[in-house]
Engineer: 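Structure in structure tokens, see below.
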Amino acid sequence: MAPRTGQRVIAHLDLDCFYVQVEQRRLGLGRPPWTSRDSPAAAVQQWDGLIAVNYAARAHGVKRGMRAADARKACPDITLVHVETISEGTEEMSVDHGEPLAPDRRTQKACLRRYRQASEEVFAVVQRHATRCEMASIDEVYLDLTEEVGQRLSAHTLDLPQLAESAVCPEGCMADAKDSHLLAALELVQKLREDIFADTGFTVSAGISESKLVAKLASACHKPNRQTLVPSAGVLSFMASVKLKDLRGLGGKLGQKLRSALQLEPEAPSAELQKVALAELQRLLGEQSGAFVYRLCRGEDQEEVKPGEMKRKQYLSFKSLSPPAESISDLEPWLTSLATELVGRLREDPTRQPRSLVLYHRGRLDSDHGRNWMAGRTSELTKTISRSMAFPDLQSKGEIGPAAANIVAAKKMLLER
């Protein structure tokens, strides 16, 4: 029995505390699965803050965003690993082997190359299993399994009651035979997750539903290393429990306007939004935005998985300066470092040819940035100016230096504009 017309099968894969898994594999901290609570406590830091924490450390109260010193107080045995950094004005990488001192952010910039390379290992496995896949971030990918499920349902007699009984669903939801298309995906996703673990040692959580929106939210429900299915009849009740702050598209001005109009907190459940009539939302937010919010809080999403988008659309290299630069001469060493990093990434995939170079410049923080940040008005923290031009000739295919010099010259030209 193939899926009925209009029934899609979408899976969202999310690597568990990915940066920490990468570092534990590199440094030999414990054995896979590294997401086990028996694994040594570990976290990845950038400057003085933690950007990823494994589950063993979380059991001691260590959280993402915590300062390194506070993490050591909460968990004295924790291993803190700093991300790779690039020194000002050079192309050399500094590698952290778990030393306690963090690099100086005034003369170094963070580089995520190690995690990009590890994610490419994972995505290579994903592409062996599905033809329609889309990279969402360095550690997330969407799959459209509708075709694979249709073939599976047509060629096999599945024990749907058994699959329904084994399916892990959100609280208050239960799959049944009407969800045959979703149930048929369970074993496909499970096999994919097992192959990723066998090839890389990394564990992955997954969400399975009929839309990208719901599948992504579902993948976070039973972490780590598990998969969650949201049955068709359970989407509305599942979405009712999702906090407003976790709804995609409500993090900026639209979300601020919505919460202000309805006097809702970011922690409020979407059930509060589901009580508001479409006409009222359109009156408050406008016709299009009101309809968007109405569908969003109900899990109604027809966005397609974009097949072939398993490579990044753009390469980004940036540095936040403190104290701010006062002149172009202050920026020159950093322009060299940023350009060198860009060229290095381009050389990793010579099949890709960049078309344009864009320079972004963000000014000083406004005097009331603290109040804007706390109020969620992140777009008002600073003013960003951008300038673009055709990408300069990289010249030599073997040497990074001359190619980087061309990019530096182009960036200086854009700065002068």
Side-chain angles (χ1 to χ4, degrees), residues 10-14 16-17 49 51-53 58 63-66 136-137 139-140 142 168-173 205-224 226 228-304 368-382:
I10 308 297
H12 176 261
L13 304 185
D14 187 1
D16 302 312
C17 53
I51 60 173
V53 180
R58 295 182 198 186
K63 300 178 181 179
R64 193 170 70 170
M66 183 180 281
S137 71
D139 58 358
E140 296 176 88
Y142 289 105
V168 177
C169 301
E171 186 177 355
C173 300
S205 294
I208 303 169
S209 187
E210 292 183 342
S211 71
K212 292 173 72 173
L213 168 66
V214 178
K216 177 177 173 62
L217 292 168
S219 66
C221 285
H222 295 101
K223 278 181 162 284
R226 297 180 73 185
T228 303
L229 183 150
V230 182
S232 305
V235 170
L236 191 63
S237 62
F238 169 64
M239 291 300 300
S241 65
V242 176
K243 296 177 181 178
L244 296 186
K245 68 176 186 178
D246 295 328
L247 287 179
R248 182 184 64 198
L250 295 187
K253 291 184 177 180
L254 176 60
Q256 177 190 344
K257 183 177 180 180
L258 174 67
R259 293 191 300 271
S260 177
L262 298 177
Q263 297 184 327
L264 295 174
E265 295 295 326
E267 296 285 335
S270 296
E272 297 299 319
L273 272 186
Q274 292 179 0
K275 297 175 184 177
V276 185
L278 172 60
E280 178 64 7
L281 286 173
Q282 291 180 318
R283 184 186 70 81
L284 294 171
L285 305 174
E287 184 175 351
Q288 288 189 339
S289 295
F292 166 75
V293 171
Y294 184 85
R295 293 191 300 269
L296 180 69
C297 68
R298 287 166 171 75
E300 298 174 9
D301 171 38
Q302 295 300 317
E303 183 181 354
E304 297 284 341
D368 60 348
H369 72 275
R371 186 163 57 253
N372 284 333
W373 176 269
M374 294 300 292
R377 297 188 292 269
T378 54
S379 62
E380 299 177 20
L381 294 181
T382 62

Engineer: Any chance you could lay out the side-chain contact (heavy atoms from CB on, under 4.5 Å) test for C169 and L229, step after step, and finish with the verdict?
Structural biologist: CA-CA 5 Å; C169 301; L229 183 150; 4.2 Å; yes
Engineer: With rounding to the nearest 0.5 angstrom, report the CG to OG distance, L250 to S270.
Structural biologist: 8.0 Å
Engineer: By side-chain hydrogen bond (donor to acceptor under 3.5 Å, both in side chains), which residues pair with S219, not counting sequence neighbours?
Structural biologist: H12
Engineer: Could you give the distance from OG (S289) to CG (L296), rounded to the nearest 0.5 Å?
Structural biologist: 11.5 Å
Engineer: S232: what forms a side-chain hydrogen bond (donor to acceptor under 3.5 Å, both in side chains) with it, not counting sequence neighbours?
Structural biologist: D179, E210
Engineer: Apply side-chain contact (heavy atoms from CB on, under 4.5 Å) to E287 and list each qualifying residue two or more places apart in sequence or on a separate chain.
Structural biologist: Q282
Engineer: Enter the distance from Y142:OH to K216:NZ here, rounded to the nearest 0.5 Å.
Structural biologist: 5.0 Å
Engineer: Report the residues that fulfil side-chain contact (heavy atoms from CB on, under 4.5 Å) with A206, sequence neighbours left out, ordered by chain and then residue number.
Structural biologist: L13, V189, R193, Q227
Engineer: Does the side chain of S205 come within less than 4.5 Å of H222's, by heavy atoms?
Structural biologist: no
Engineer: Donor-acceptor pairs under 3.5 Å, side chain of residues 236-244 to any protein atom, not counting sequence neighbours: which ones?
Structural biologist:
residue, atom, partner, partner atom, Å
S237, OG, G234, O, 3.1
S241, OG, F238, O, 2.7
K243, NZ, E267, OE1, 2.9

Engineer: Working to the nearest 0.5 angstrom, can you tell me the gap between I208 CD1 and T228 OG1?
Structural biologist: 8.5 Å
Engineer: Can you sort out the partners of E280 under side-chain hydrogen bond (donor to acceptor under 3.5 Å, both in side chains), two or more places apart, ordered by chain and number?
Structural biologist: R283
Engineer: Suppose we screen for salt bridge (charged side-chain N to carboxylate O under 4.0 Å, His left out). Which residues come up paired with D14, at least two apart in sequence or across chains?
Structural biologist: K223
Engineer: If the condition is side-chain hydrogen bond (donor to acceptor under 3.5 Å, both in side chains), which residues does E272 pass it with, not counting sequence neighbours?
Structural biologist: K275
Engineer: So how far is it from Q302 CD to S211 OG, rounded to the nearest 0.5 Å?
Structural biologist: 8.0 Å
Engineer: Verify side-chain contact (heavy atoms from CB on, under 4.5 Å) between L273 and L258, making sure each step is shown before the conclusion.
Structural biologist: CA-CA 10 Å; L273 272 186; L258 174 67; 3.8 Å; yes
Engineer: What is the distance from atom NZ of K257 to atom CG of L262, rounded to the nearest 0.5 Å?
Structural biologist: 11.5 Å
Engineer: Side chains of L254 and V293: closer than 4.5 Å at any heavy-atom pair?
Structural biologist: yes
Engineer: Starting from the C-alpha separation in whole Å, work towards a yes-or-no answer on side-chain contact (heavy atoms from CB on, under 4.5 Å) for I10 and V214.
Structural biologist: CA-CA 9 Å; I10 308 297; V214 178; over 6 Å; no
Engineer: Would you please test D301 and R248 for side-chain contact (heavy atoms from CB on, under 4.5 Å) and show each step?
Structural biologist: CA-CA 11 Å; D301 171 38; R248 182 184 64 198; 3.9 Å; yes
Engineer: Which salt bridge (Lys or Arg N to Asp or Glu O under 4.0 Å) pairs, counting each pair once, include a residue from residues 230-240, with sequence neighbours left out?
Structural biologist: none
Engineer: Would you name the heavy atoms of G290 and L285 that are closest together and state the gap between them?
Structural biologist: N-CB, 3.9 Å
Engineer: Mark yes or no for whether R58, through its side chain, and V53, through its backbone, hold a donor-acceptor pair below 3.5 Å.
Structural biologist: yes
